[in-house]
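Scroll down for the structure; my scribbles are underneath it.
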Amino acid sequence: MQCCEPAIIDEKDTVTIPAEPTPAAETDLPGSTQVESPDETAPTDAVEAVDKEEDAPAVPEEVAEPVKAKPTKATLGKLFSQVDGVEALVLVVGLLCAMCHGIAQPLLVVIFGDLIDALGGSEEEVQRETERLCLIMCAVGGGALVAATLQGACFKIFSDSQTMKFRIMYFQDVLHQDVGWFDTREVSALSAEIQDDLSKIQDAFSDKFGNGVMASSAFLGGFACAFGLGWLLALILSAVLPFMAVGTYFISQAVNEVQMESQGWYAKAASVVEECLYGMRTVVAFGGEQKELAKFSTAVAQTRKGGIRNGLRIGMGTGYSWFVEYSNYALAFFAGMNFAYNRDINPATGQVWQTGDIMSIFLCIFIGSFMLGQIDPSIKAMQAAQMAADRFFKVHDNKPAIQRRDADERKEIASIETFSFNAVQFYYPARPTVRILDGVSLTINRGQKVAFVGESGSGKSTVMALLERFYDPSSGVVCVNGFDMRDFKISALRKCIGYVGQEPVLFSQSIRANIMQGNPDATKEQFQQACADAQLNFVDGLPEKYNTFVGAGGGQLSGGQKQRIALARALLKEASFLFLDEATSALDNTSEKMIQQTIDSISSQTRSLGIVSIAHRLSTIRNSDLIYVLSRGQVVEQGTHVSLMEKKGVYYALVAAQESSQKAEEAEELEIPNQPTVAFLRANSGQSDESETARKEREKKEEAEREKKIADNYKVPMSRLLSYNKPEWPVFVPAFLGALIEGSAMPICAIALVGSMDAFFKLQVEPLRDEARDDILFLCAAFLIIAGSVLIGCIIEHGGFAVLAESMTQRLRVAILTAIFRQEIGFHDDPENTPGMMSKALELWAFRVSMLCKTLGAKAAAMSSVLVGIIIAFVYCWQMALVMLGTVPIMVLANAVQMVVMLGASKVDNEGIKHAAQIVGDSVMNARTVQALGVETNLVQMYTTLVSRSMQGMWRRNFLAGLGFGVASGVMFFVIAGGFYYAGYLRKEGVANFNDTMMAFMGIFYAGLGAGQSAVFIGDAAKAKVACHDMFKLLDRVSKIDGLEPKGEVPKELEAGTIEFEGVKFFYPFRPEVQVLKGVTFKIRAGQSVGLVGPSGGGKSTVMSLIQRFYDPQEGNVYIGEARKPLSELNIRWWRRQIGFVGQEPVLFNTTVRNNVLYGLEEGETVTEDYIKKCEEMCNLKFLYKSGNRGLATEVGPRGSRLSGGQKQRVAICRALIRNPSVMLLDEATSALDSQSEQIVQKALEAARDGRTSFAIAHRLSTISSCDVILVNADGRVVESGTHDELMGQKGVYYKLQMQSRK
């Protein structure tokens, strides 16, 4: 029997029985803030027990409203406190180079201004001055290239080095916190919080730091140059500074949205779909697909609105930025024209205002303003890192009372002879107002078998937690060998204790590595002995045997298998004491007895081993030397089984209550045939051909090759893709028009810019002064028109394409979820189709594919920019145009690379870091197990090795990345220098005048600039292609069992309760090498109750899966009704409507109890309140009306987390009964209940199966002895069938089981 899952106490919706003042952490879930199930009390009479439980008075608890603390920040000194000498040198070089890189940009502008002035002189002066200034520009460009390269490299190196230090320290510090520390935190989110903090520190130290310094230098340098050249004009232009900064910030946000694929507005839709993906079998079994699709469709409709709003925000931000920029052009030339026209003296130079100075001041202010916006991300990143560092240093500076991270100067201990409690009182740190232990005194000696029993919440697990020293008592003393436990080293204490918890905890490693954690120094013989003792014979059937990867949390193995591995790990310690907290609860009856016999034999053979166990199933502890009976935190009785039975007190009542439901099993001691020997295990423990690491590497390489192949060869079916946009097709026209306006603005602006320069030269010629003034006023108006046009164009373009993309995303997501629901359950068994993978696919596939739609806008803008620029250039000077055209690809690439790096978008995922993050997740989720095993140091070493591996080649890798950034930054200097040199040459040769060469030069230059900035919004087309390929592959996949749009027959008259299996052979699609059913044949008539018994892995649950038609058999047939209709020919939705299913681990959805119990009803189908009330009573749901709960309106929380395991199970049974099905399937339906609640529910189930066919899987024979037919499953076959009496008469397997149980 499996113990009830812990219930989570919620302040608002407390779904508990108040009779139990249970602790927040009275459970074996590491670091949990959960409470042992409050529905498991055990007074003398079973029926009265539940009534008393329901009527018990509430225990009021004062809960203060939590006050949200203002987040604090670590000082910059503390943030940089881990920097060593080499890192400090790297940082200083990086800072100096970033400053030089920043100053280079305003210097370029000053030289640019001098060049413009030079082009206005005589032919000889022009050529001589142009050559000189172009050489200076190249020199500055070379310096900028070197500085930018070192800037990019140094900050990346500094960031990687510092982050590695913080990673290792953070993990080490968290791992060495006391269990009480974990109790007061949301452990499930802790791993993500750690990774988030590290990511923020890395982000702040990396490119953003360097870019912030560079931007500050460029800002200060730009304004210094501007004010040096002419402070008066600089002061006027500075008025637009705040407006420019706001616009730049919006552009940064826009680019981040595209590069980071952030979709904050999808979070709600994701939470809706996540539950149904994780509970897929429940959704399918109860025909909830359409309901879930309707919920998801509503959620993604909201998502669409959020996406469109974001698109409009991006359009307004981008348009506003351009509007301010082009308006600033108008302001600069208007003010400059007035100064030049009036021949005002420039106060900074003492000379008349020059055209070059006016241009330089304008561009310096423009660059400075733009760079001001780039400082903000750096400051924000640094502030976020300070907050992350503050959280880290709080953990780092916390000195745990029990765990010692550094030197532990307490006493050593080689073995434990006695434990003793002296008047121990205890409150959990997370629930300091609830007393768990109240004056407990007891003694445990080495060599004894000691058991703790009592109802749930009595304090059994707490006693064991104190024996392990997970906590220290609130008052009183726990002594070891007569001394205060606190005097001994914690590592030495725990070496003397082997621990196996109620829920086995395994790490994402091989089976061998998990077992070896018990004793890393164990010999091969010790390892094999521990494996043999723990009955690990199932490992020999696995392809990689002991090198088999167990998956995250041991997810690749069954509960029983995980428990045996955990037992082997504990036995390998060869400790003084073995602690078993419900250690056999996950095993079937036979396996449990085998393990129990093993434990007994170890105890008898090794008299020096003390065994301390907790058990709800009292038959497992009958032969204990000493039994302590706990009730409400006190020891109320103690003695042997015999002496306690004679007392006829609390223990007697507990035993009597269990005997009523399991008379035949309370003393089962089965003989174990064919017990695996050490030699047998030794012979089958060889390595497989491919290790887990090699397999992962191979799969990663194959996936990379697959993606490359798709990106190269796959042709996106655009017509099919755009069909998802059919209602929005009219929006394409204005959206494209807006993109063309945005793209063409820059090269058109070049015409006005060159015209302005030409007009400024004319101002110096007396007869042309008035004409020049009029020209400049006209061009200022042109700049304002361009500004307004771009603002409108950007809003239309980005808004329009957001409507198109978000509408497409919405429809694609619904289509993907529909396709997922359409697939047979076997599809979901594929490791590539896990709930997490499908959830990610729903989020990213449609988003990436819709980016192809948005890409059309970016491509149109880029194309418009290039075409208009080229046309302008060729019209004015085709020679210059041809030369400059060769620079367009260079400028496009350079601009895109630079913006990507500046916004920190290029992030490299590293497999080593990912694996290391998995270790962090496993460790913090299972802190108790980690500490009980004493493997903190080993885990830190393993983590350090993985993290260090990611640092290999770090210097070379980061230098190359820096070089890319350097070349991208420096190339502009050389392009401009070359262009001006060629312009001077053309003028000297008389081929073209100043105006024509500048028009061609600026047309191409601005075309490249505009195309490069548009290219940033294009996103990753390769990712979009792969997503499109995978999405259509899923949409086009033909399901073997389509439960969403079934085609089968809906029979008018059919005995749905008559079920027949004929020669059924079956293996799971993704484990074809394991034949699960090997020719199962039986026939069940309508109304019969069927019990399925047999060992784990015998095929019982598979039979139920086939009845629900989750799968079709590979051979044989399943027939329904007397007419023997093949199940595969029936309408699958109609058939599943005939079935009520209750699983071993019930899946509830995050809504009210009412919505959960009515989940199985068809759309529009209703039931009366009386019928609901009747089902409630049958399932004993009285707890919903106690302790402030809201009856059926009670919220169950995510995945039912606010209910205990037993409470969830009862709600699940009610959900099945509400459907009034013809067939009831009960897969260990009462396994999570204590014996009293189980008896009540068992009676309800017996009443519920009247008049309908029922199948029940049970490990305990007593629960199915009254069934009409009992099928004994073993090794994929039905070895016997019949009633209890018939099977006893046959004197076969079933008879032997019963006889052996009565010995």
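Keep in mind that the numbers below use all heavy atoms, side chains included, and drop hydrogens, waters and symmetry copies.
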Are side-chain heavy atoms of Phe419 and Val463 found at a separation under 4.5 Å? no

May I ask you to check whether Asp438 and Gln634 show a side-chain donor-acceptor distance below 3.5 Å? yes

Closest non-hydrogen contact found for Gly439 with Gln425 is N-CG, 3.5 Å

When rounded to the nearest 0.5 Å, the distance separating CZ of Arg569 from CG of Asn514 is 6.0 Å

key: Side chain proximity check, Met464 to Lys460, heavy atoms < 4.5 angstrom   = no

Output for pair (Ile565 CD1, Ile511 CD1), nearest 0.5 Å, gives 4.0 Å

For Tyr628, the ring pair (Phe, Tyr, Trp, His ring centres under 6.0 Å) test, sequence neighbours excluded, returns Phe452

Heavy-atom closest pair (Leu626 atom, Thr443 atom, distance to 0.1 Å) is CD2-O, 3.9 Å

With sequence neighbours left out, the residues meeting side chain to side chain donor-acceptor pair (under 3.5 Å) with Asn445 are none

Verdict with reasoning, Leu442 to Ile444, per side-chain contact (heavy atoms from CB on, under 4.5 Å): CA-CA 7 Å; Leu442 53 85; Ile444 301 169; 4.1 Å; yes

- Item | CA sep, side-chain torsions, deciding dist, call: Leu578, Tyr499, side-chain contact (heavy atoms from CB on, under 4.5 Å) | CA-CA 6 Å; Leu578 181 62; Tyr499 174 78; over 6 Å; no

| Are the side chains of Lys411 and Lys489 in touch, meaning some heavy atoms are under 4.5 Å apart? | no

Across all chains, not counting sequence neighbours, the side chain to side chain donor-acceptor pair (under 3.5 Å) partners of Asp484 are Arg486

CD of Gln177 to CG of Leu175, rounded to nearest 0.5 Å, is 9.5 Å

Shortest non-hydrogen pair, Asp625 vs Gly447, comes out as OD2-O, 4.0 Å

Can you confirm whether Phe577 sits close enough to Glu417 that some side-chain heavy atom of one is under 4.5 Å from a side-chain heavy atom of the other?
no

CD1 of Ile416 to SG of Cys496, rounded to nearest 0.5 Å, is 4.5 Å

Taking every heavy atom of Ile402 against every heavy atom of Asp472, the minimum-distance pair comes out as CG1-OD2, 3.6 Å

- Message: Can you confirm whether Val424 sits close enough to Leu466 that some side-chain heavy atom of one is under 4.5 Å from a side-chain heavy atom of the other?
- Response: yes

Rounded to the nearest 0.5 Å, the CD1 atom of Ile490 sits from the CD atom of Glu468 at a distance of 8.0 Å

Hey, are the side chains of Val480 and Thr418 touching, using non-hydrogen atoms and a 4.5 Å cut-off?
no

task: Please assess Phe488 against Arg469 for the test side-chain contact (heavy atoms from CB on, under 4.5 Å), listing each intermediate value before the final yes or no.
output: CA-CA 11 Å; Phe488 297 106; Arg469 206 186 167 203; over 6 Å; no

For Gly633 and Val440 the tightest heavy-atom approach is O-CG2, 3.3 Å

Any Leu644 side-chain heavy atom under 4.5 Å of Val629 side chain
yes

With sequence neighbours left out, the residues meeting side chain to side chain donor-acceptor pair (under 3.5 Å) with Ser474 are none

Shortest non-hydrogen pair, Ser631 vs Val636, comes out as CB-CG1, 4.0 Å

Give a yes or no answer on whether the side chain of Ser415 reaches the backbone of Ser576 with a donor-acceptor pair at less than 3.5 Å.
no

Discussion item. Looking at Tyr651, is its backbone amide N or carbonyl O close enough to the side chain of Glu637 to form a donor-acceptor pair, meaning the two atoms are under 3.5 Å apart?
Written reply: yes

inquiry  = Does any part of the side chain of Cys531, heavy atoms only, come nearer than 4.5 Å to the side chain of Ile515, both counted from C-beta?
reply    = yes

The reported gap from CG in Asn481 to CG in Asp487 (rounded to nearest 0.5 angstrom) is 11.5 Å

Exercise for review: Begin from the C-alpha positions of Val453 and Ile621 and carry the test side-chain contact (heavy atoms from CB on, under 4.5 Å) through to its verdict.
Suggested key: CA-CA 9 Å; Val453 300; Ile621 50 95; 3.7 Å; yes

Applying side chain to side chain donor-acceptor pair (under 3.5 Å) to Gln526 and not counting sequence neighbours gives Thr523, Glu574

The ring pair (Phe, Tyr, Trp, His ring centres under 6.0 Å) partners of Phe426 (sequence neighbours excluded) come to Tyr428, Tyr471

